[in-house]
Peer 1: 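Here it is: the structure, laid out below.
Just follow the structure's listing: the first ligand is 1, and inside any ligand the first atom is 1.
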Amino acid sequence: MANNVVLKLFVPMLLLFAGVFSDVTFHFENICSHSIWRASNPSIGDLEPELGPEIYEIFNMDDHYSGSIWARTECTTNTDDYFSCETGDCRLGTRECADTTPNYPVTLLNFNVNESIVSYEISLIHGQNIFVNIKPVGGTLLDGSGPCPVVTCNMDFGNVCPPSLIAYNANGLYVGCNSACDVFKDDEHCCNGNNCQLDEYTLKFKQQCPNAHIYSGDNKPPMYQCKGAESYDITFCPAIGSAT
Ligand SMILES: *[C@@H]1O[C@H](CO)[C@@H](O)[C@H](O)[C@H]1NC(C)=O
């Protein structure tokens with residue numbers, strides 16, 4: 001059984017090389033039971049959006065990048081050839097999506113790549129539509145304080161999402177949890193002002209995913225800066241509660 005999984009993960013491996021060979025490699029892995037369609041703002045380069053279940057893919061990043069990657073879910077093309085997704089949709093009607101902001105809720109993977117130095121975080125500022133891990137392989141924190149930590153948000157918010165924040169699909173099923181800021185759109189929930197604190201909503205997110213960034217200005221933990229990692233493994237739908 002375990003061998004099968006490994007084979008399925010590694011045999012259909014696609015190798016994509018974007019531009020010149022770079023210092024920084026992302027390993028995308030989808031262990032969801034469904035496809036996801038990746039999108040980025042700004043574009044991370046030439047990448048087939050769809051990543052099927054149990055597919056593992058290696059992607060060379062440009063030497064300089066600063067932006068967000070996310071996963072769209074439950075995407076379909078309608079009879080007018082318009083492509084859309086239940087979550088993370090780009091409102092472009094195309095499979096490819098870059099250089100635009102997604103519909104919320106969406107789990108954002110934020111990166112800042114400067115040659116071999118990479119800052120990375122999972123942001124729930126615009127809610128959660130999928131659970132993910134970012135795991136640097138090797139490397140050390142730029143400040144020398146230790147190895148580069150895994151950041152993870154591998155809890156499904158379906159059970160804890162306050163009813164007022166739930167995003168439903170057309171069939172009335174839970175598809176994600178919005179941030180209170182995106183729903184209430186007021187200074188209090190958007191943390192506009194000094195001394196932002198966790199509130200009843202952000203606290204719930206924080207309890208589920210303590211090392212994700214929950215509200216604008218959340219600096220616990222800081223955005224890690226990692227140098228010299230062999231790769232950054234980005235896993236969609238990691239086992240609930242696992243750290244890898
Ligand atoms: C990238 O890193 C170099 C050397 O550490 C630094 O001089 C430069 O300002 C950085 N570039 C950006 C865009 O942060």
Peer 1: Mind checking what makes ring pair (Phe, Tyr, Trp, His ring centres under 6.0 Å) contact with F131, not counting sequence neighbours?
Peer 2: none
Peer 1: Sort and list the pairs that fulfil disulfide bond (SG atoms under 2.5 Å apart) and have at least one residue in residues 48-87, not counting sequence neighbours.
Peer 2: C75-C85
Peer 1: Between N219 and H213, what is the shortest heavy-atom contact and its length?
Peer 2: CA-CE1, 4.3 Å
Peer 1: Any idea which residues sit under 4.0 Å from ligand 1, heavy-atom distances?
Peer 2: N114
Peer 1: Between I125 and V132, is there a shared hydrophobic cluster once you connect ILVMFWY residues whose side-chain heavy atoms come closer than 4.5 Å?
Peer 2: no
Peer 1: Taking less than 2.5 Å as the test, are the sulfur gamma atoms of C226 and C148 close enough?
Peer 2: yes
Peer 1: Test: disulfide bond (SG atoms under 2.5 Å apart). Region: residues 32-66. Which pairs qualify, not counting sequence neighbours?
Peer 2: C32-C237
